[in-house]
Amino acid sequence: MSELLSVEDLNAFYGDSQVLFDVSIGLGTNDVVGIFGRNGMGKTTLLNSLVNRIDRKTGTVTYRGQDVSAWSPHEIIREGIAYVPEEREIYPALSVRENLELAMTSDIDDDTREERIQNVFTQFERLGERRNQRGGTLSGGEQQMLAIGRALVTDPDLLLLDEPTEGLAPTIIDDVVEILESLVTGDRAVLIVEQNINRMLPLIDRGYMIQTGRIVEEGDSEHLSDEEIHDKYLTV
Amino acid sequence: LGGGGGGGSDSVKIGAVMALSGPFARTGEENRRGLEVGQEYLGGEILDSEFELIIEDGESDPNASIQAARTLVEDEDVDAIIGPVSSGNSISVMQYIKDEGQVPHLMTTASSVEARENPENCNEYGFFIWPSNRHLAPTGTQFIQELPNHIDRDIDPSRVHYVSQDYALGQNGLELVEESMNEVGGEVTGSTLVPLGETDWSSYISEIANSEADVVTGVLTWGAAAQLIPQANSFGLPEEKVMMFNSGKPIGQFAASTMPNEVTVDGWFGTHFYNPGLDTDVNNEFQSLYNELDSSLLPNSTAGASFELMRALATAIENGGSTASDDIISELEGLEWDSVFGPIQFREEDHQAALNFFGGRRVESDGDGSEVEVLAEYPDVIPDARCSL
Amino acid sequence: MLEIPLITTENFITYALNGLSRGMIIFLVASGLSLIFGLIGLINFAHGAMLALGGYGTYVVIQATGNFWLGLVVSVLLVSLLGLALERKVLYWIYDEPLLGFLSTFGIGLVIEEALAVYFGSRSYTVQSPLSQSVEVLGVSYPSYRLFVILVGAAVALGVGLVLVKTRLGLEIHATANMQSTAEILGVDTARIYTITFVLGTALAALAGALTAPITSMYPTIGLDYITMAFLVIIVGGMGSFKGSFVVSMIVGQVIAFGWLVLSPTYVRILVFAAAMVFILYKPRGFFGKAEVHE
Amino acid sequence: MSDRLSDVRDVARGLPRRPLLAVGVLLLLAVPFLFPGQSDLATEALIFGLFAISVDIVLGYAGLLSLAPAAFFGLGAYTVAKLVVDYGQSFWLGFPLAIVLALILAFVVGYVPIKRRIGNVYFVLFTLAFGAIVHDFFFVTTWLTGGSDGLGFFGPPEVLGIDLGGSTAYYYLTLGAVATVGYGLYVLIKSDYGDVLHATRQNELRMRYLGYDTNRELMIAWLVSAAVSAFAGAVYVGLVGIASPSLVSFALTGDVIIWIIVGGTGTLLGPFAAAIGLVFTQELLQNLWQGGYRLLLGVLFVVFVFVLPDGLVGLLRGDE
Amino acid sequence: MLSVEGLTKKFDSVVAVDDVDMELRSGEIHGLIGPNGAGKTTTVNLITGELTPTSGTIEFDGTDLVGRSPSAIARQGIGRSFQVVQYFPEMTVREHLRLAVRDSTETVRSVFNREEDYEPQIRAVAERVHLEDDLDTVAKNLAHGKKRFLDIAMVLGMDSRVILFDEPAAGLNQSETDEVKEILESLRGEYTVLIVEHDVDLVRSISDRITVLHNGAVLTTDTPENVVENPQVKEVYLGE
Ligand SMILES: Nc1ncnc2c1ncn2[C@@H]1O[C@H](COP(=O)(O)OP(=O)(O)OP(=O)(O)O)[C@@H](O)[C@H]1O
Ligand SMILES: Nc1ncnc2c1ncn2[C@@H]1O[C@H](COP(=O)(O)OP(=O)(O)OP(=O)(O)O)[C@@H](O)[C@H]1O
Ligand SMILES: CC(C)C[C@H](N)C(=O)O
Ligand SMILES: [Mg+2]
Ligand SMILES: [Mg+2]
């Protein structure tokens, strides 16, 4: 397994309060890795730290052999990473199309752009129907689709997903899982943060369990489906 | 109490309050230049010893002007004060001088009669070289009446529209122009008083353009003239109205050097009392010293006024041999001398001076500059004395 | 008693053009201020000083070369460079602190204005207008320079407006202004967007200064006269709304251009300020405001 | 921070407070004897010191950045001038009237923005517009305020045979007034009310849920500030003898903000000392370089904003 | 004690709180749970006057609270803590508590009774939340958990009878959460408490009754045991 991303001894802070403690994880090309844990354990913070979207952190993040710990978010993103944030962060005043356009950097030629946008519209038909509607007026589920679509148009090598199924109706969740499955067959790596572990177990190669900012368990999906672990780290 | 009367300290100290910033800054700078020329002219000496000239910025504001005067009198202990620049600012300083400062006070350009005739203001310490509105208004009115003889435009000189700025000078000028127009059987059909510091005059120009009268008259500060003349030209106003302003603004030398192309436009007229071509020793000397100091501008009445005040002061001190206020004042009263404006005297009754006026316009000269074409002359203009000191 | 003189068609057109030319200058100042505020949240009190620099720059070049057009271009470029330096070297690190940002730009503006006063003196300088003739428009003769100002203003409004709505740069500016950190994770170099916007805003101020110089002459505190009005325009128009600053500048220009018919101009100004105060209280986001640097 | 800076701090902190205060008081009392020619300047400095304190009550303690303090200062000055010059009334009557008018104006202007909590940025702009209106108003209403000619000239009256128009007499009068009002403000700020303002500035939400009517608390600070500013303006016009538009100008507002920033926001002594110091520095600089002293002040201000945002007092205290 | 009837809050088209009836009995600890966006915080904000209800009544000790300002309601005896801790970063713990303990209506009158000594009250409150050793610490230097305690202490310092806690254990580690639990336990009987919390263990173990909100409406109000077993609650909130 060639290392695509590796994180060592990551500590993250909001102001004075520390949220992550000595977190180390690794991810290879073609890997699908999950991060699981209860509310407020630091999952989102971990993703944010990878792209430097956080006040302060210590530790190293290496991507494709380069130390990107001190890069600014857009520089890291432009290395071929796409991020689907927890809050979706759709631009309310921009149309669906403009939201998608925004994610593609200017070095992509017009034909490719168009093709990728059309791809998203086929994957999420609903978005195609709403292509000129303002992002802010989409339903929650539609916004989630758009957030994922916005990541897909960049044709990323590494996809970071923060609770991609949150707020989606069960049928849409099935769609999303399907799309993710089709994604991971390509030459891509995916890092998924989820509370809904059972949905994701079939998808992932490996996973980490996080508890108040510390990695407390690591293993393949079989290991993580263990009842005891669930009781200990997931049930509330 | 007060700064007292100067006293007999060894070297002479002259204080000046000049508007070096704010709406009167253009005039203030010329006034200051005049003082510097004056200092040169005197060789820096009065009573055979070097004198000190201290200039404070009155900021075009009455409060700042008083403060400046106070500093000069109370801290610097000056023997006399020259300035400040505008009537509004001068009035406040005059009151301070009268109540507390009590030193000879020679005003550069204050022309409102409010300053010169209102017994609350005018006082034994104050001297004026610049013409008052009461010099200006009747002279201007007279010239307006003669204008039809000098231009081939069909104009009715009995109706004028008044333009000036909204402070002591303009408010009081309006009354006087009304008075003198009435005397010749004419009238002021309307007036435009522009706030100090206004820069975009387009609305006012529209108002002037739509006035009933053919002739527009009034008095302006240099700052205002610098806005009005080019902006009015760009709107073609002088083609519609005859623009005739008192105390020199459109035809003065300062305008000629700062707005050379603007002032030769047909339609601008003015009355004035400084003839740069006057061939006397003092005027020639003044001009050459001025040109040494700043060759981009032309020697002008505003600089001339403060230049002459400095000379008068020097003469008075030397004649009396003293810097005591009373001595200086008694020497200044009735002082007669040959000035850049011609022979001039501080009248004893009210400390004002008679001036030789002329009316004219600016035309392009053979050289690259412009010169004044004199159309009418009004020698020895001086109103009746109205302030009993 | 209010007295409303009858307005002839010609007068009406003249007044309207007066309003347009005044409005365009206000718009150039306000739109730059508004872009900067909308994007960075910075009350840029140095904006007025940038305007003054634009005007003095033009004046200096004219003195040296006699060419107004050269002066216009050179001074706008130079002031933009200064804006670039200011943004990169000084301002970027206080973006998170609006109060500090306000105070520091207040100080920087003060220093620039005082430096101008020291170097040039406080008096005003007349700048020779490059187009001195009047031309005939809609049946009235009107100063051609003022028409030029109107055209430049309109062109800038259209040009910058199109950039904001139609181009990728506009999209990125919008994205950065509204959710900066989201723009970052979509690959937008927001630091660059900040710089571009600040420089653009500064250039607009300098342009306003250069354009107004031949009309109103130049003095060190000229910026202050415009900036107060400009702030109020962007409040009424909606902070950060480019369209808003345009529409409101045009309205203000006309109000001043016609207002004097019924009320002395200074009272008209007072009324405009008072209206802005009411706006701040009851509709702080203005007519067009969703704090969007867009449309 | 450099070693030398912390040395300065250590020394400053090590100085015994009380003797220092006593020296300060003695110095103030002795000014007319020590610097006989400078009494007026010292009087002006004291007045501006009080003015700076009053403005810092809203800026530093209540956390409202107002761009209109000159409006209240000028209102105080104009009220006195109007009474004396146009109505021939007593100079002293002007003081209570100035305060009452300032309170009314402050209440009318401040009520809605404070109640609606319009936010810092909007408050700045709101007061910018207000300040501009007040300036324009005093500038154009020639019939009421004398317009650009101002309202003057007059001097303070005689009291018990002492002519207050004299520099020394007016200095002591001012010193007394500034000391009294300044001490009053000190007591106010040192009382729990000071803590209330302090806390409100840091977290208004929390204060409201502790039962504090924060609108009222802020309004009180705003009113006190306006009243003291007007009072300072009234004392000032007695010194200079004329009220003119420069007393309601943006330049004065700019000056007072500079004093506060240099002295340190949220302290009383800082802005007071900075105002006094800068008035004298200004005089000094003016003598050295007449045209450029404001440039130097501007540079000083920028240095303070960037390098010492806590002002002189922060420097002495060594706060982080 | 405090009862809410027909409480409804609409934001444009969103009905954040939908016809909620809820009663806090004197001295009880009452849990309020529900999915994100269920309307819990909105309900608290309505009770404390931060928001004005679209319709419905809020009755406290026989008086209607609707339309009163937050500070007036606080003075009536309803205190609250916040989802995000609210404190005064530059002030010491003692100063915080002094502000809480003193009469909040006093304003400038405080100038004239400066000598009032609140120390005993301050100490008593500080001890309750184990902050007695931190009285002179500036708040921003406190650990996150202690800031939480400070937030709670301020509410205790006020003269309130009802306390509304919005996620008091958010962001706390296990031992801190236990401390919070202990503090809350100690309030039982003395205060009437409403607690909004996602830490279901905590809510379950200390609440006398729990109300579950879903889509702004009350799903059920019941004992903790019954609530956890409630299939609807499991479906919308607890999950499997
Ligand atoms: N901006 C912030 N400022 C301060 N604390 C924060 C901030 N964001 C998150 N936290 C705190 O950091 C901790 C971890 O938060 P994080 O969002 O990473 O958790 P999470 O595991 O993603 O939770 P969830 O499942 O709810 O999304 C939480 O205690 C949270 O309260
Ligand atoms: N100002 C507002 N405008 C529009 N909708 C709002 C507003 N405030 C809240 N809402 C909506 O009302 C609903 C209830 O929000 P509320 O904050 O009460 O939820 P909550 O139960 O406290 O959730 P959480 O557990 O996430 O804190 C949400 O859907 C929210 O989006
Ligand atoms: C500046 C000058 C034109 C002053 C003018 N004469 C006045 O009295 O105010
Ligand atoms: Mg999360
Ligand atoms: Mg909530």
Side-chain angles (χ1 to χ4, degrees), chain C residues 37 41-43 45-46 49 90 93-94 97-122 220-221 224-225 227-229 231-232 234-236 239 264-282 284-285, chain D residues 59 63 65 67-68 109 111-142 147 249-251 253-255 257-258 260-262 265 289-306 309:
Chain C
F37 183 86
L42 173 73
I43 302 188
F45 232 81
V90 181
W93 59 271
I94 46 174
E97 308 207 27
L99 201 62
L100 204 56
F102 164 75
L103 289 171
S104 54
T105 53
F106 174 85
I108 291 166
L110 195 71
V111 169
I112 293 176
E113 280 168 6
E114 293 303 333
L116 288 173
V118 166
Y119 193 79
F120 292 97
S122 317
T221 55
L224 202 61
D225 290 354
I227 204 172
T228 312
M229 186 61 87
F231 269 126
L232 303 178
I234 69 175
I235 287 164
V236 179
M239 298 262 196
S264 117
T266 321
Y267 286 107
V268 175
R269 243 168 73 97
I270 291 182
L271 273 186
V272 171
F273 289 160
M277 283 172 76
V278 172
F279 245 90
I280 301 175
L281 293 181
Y282 294 99
R285 294 194 156 172
Chain D
L59 171 58
L65 177 47
L67 287 185
V109 171
Y111 183 77
V112 183
I114 289 176
K115 178 155 171 265
R116 297 182 73 93
R117 274 176 243 120
I118 59 174
N120 244 328
V121 167
Y122 292 101
F123 195 79
V124 167
L125 297 175
F126 181 81
T127 52
L128 175 69
F130 170 63
I133 288 179
V134 171
H135 178 263
D136 283 3
F137 178 83
F138 278 99
F139 202 78
V140 284
T141 51
T142 311
S249 68
F250 188 74
T253 291
D255 282 344
I257 291 177
I258 294 177
I260 293 172
I261 297 299
V262 170
T265 54
W289 184 19
Q290 186 171 39
Y293 73 95
R294 291 194 56 88
L295 177 61
L296 298 180
L297 283 185
V299 172
L300 193 69
F301 177 78
V302 173
V303 166
F304 269 86
V305 171
F306 281 104

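Residue numbering restarts at 1 for every chain, and letters A, B, ... go by the order of the sequence lines. Keep in mind that this is a model prediction, so the values were computed, not measured.
- Summarising the geometry of D/L125 relative to C/I280, their closest heavy-atom pair is C-CD1, 3.8 Å, with the distance given to 0.1 Å.
- The shortest distance between side-chain heavy atoms of D/L296 and C/E114 does not fall below 4.5 Å.
- C/F106 approaches D/G254 most closely through the heavy-atom pair CZ-CA, 3.5 Å.
- In terms of heavy atoms, C/G107 sits closest to D/F301 at CA-CD2, 3.4 Å.
- In this structure the side chain of C/V90 reaches within 4.5 angstrom of the side chain of D/F306, judged on heavy atoms.
- Of the two parts of D/I133, the backbone and the side chain both hold a non-hydrogen atom closer than 4.5 Å to a non-hydrogen atom of chain C.
- Closest heavy-atom contact between D/G298 and C/V111: C-CG2, 3.3 Å.
- Proximity to chain C (any heavy atom under 4.5 Å) is restricted, for D/F250, to the side chain, taken from C-beta onward.
- Only the side chain of D/R116 has a heavy atom closer than 4.5 Å to any heavy atom of chain C.
- Both the backbone and the side chain of D/T141 come within less than 4.5 Å of a heavy atom of chain C.
- Counting only residues at least two apart or on different chains, the salt bridge (charged side-chain N to carboxylate O under 4.0 Å, His left out) pairs with a member in residues 123-139 of chain D are C/R269-D/D136.
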Requested in this report: Begin with the C-alpha distance, continue with both residues' side-chain angles, and end with the deciding distance and a verdict on side-chain contact (heavy atoms from CB on, under 4.5 Å) for C/L110 and D/R294.
Outcome: CA-CA 9 Å; C/L110 195 71; D/R294 291 194 56 88; 4.3 Å; yes

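- Both the backbone and the side chain of C/L100 come within contact range of chain D, each with at least one heavy atom under 4.5 Å from a heavy atom of that chain.
- Considering every non-hydrogen atom in both D/L295 and C/A115, the closest pair reads CD1-N, 3.6 Å.
- Contact annotation for D/V134: neither backbone nor side-chain heavy atoms come within less than 4.5 Å of a heavy atom of chain C.
- Remark: C/V278 pairs with C/Y282 by the side-chain contact (heavy atoms from CB on, under 4.5 Å) rule, at least two apart or across chains.
- For the set D/I258, D/T127, D/V109, D/V140, the entry with the most heavy-atom pairs within less than 4.5 Å of chain C is D/V140.
- Side-chain contact between D/V302 and C/S104 is absent, with no heavy atoms from C-beta onward closer than 4.5 Å.
- Interatomic distance, D/F126 CZ to C/L281 CG, rounded to the nearest 0.5 Å: 4.5 Å.
- How far CG of D/L59 is from CG of C/L103: 7.5 Å, rounded to the nearest 0.5 Å.
- Only the side chain of C/I43 comes within contact range of chain D, with at least one heavy atom under 4.5 Å from a heavy atom of that chain.
- No part of C/A117 comes within reach of chain D, as not one of its non-hydrogen atoms sits under 4.5 angstrom from that chain.
- Proximity of D/L67 to C/F102: side-chain heavy atoms (C-beta onward) are separated by under 4.5 Å at one or more points.
- Two residues are said to be in side-chain contact when any heavy atoms from C-beta on lie closer than 4.5 Å; C/I227 and D/L128 fail this criterion.
- Contacts between C/L271 and chain D at a heavy-atom distance below 4.5 Å are absent for every atom of the residue.
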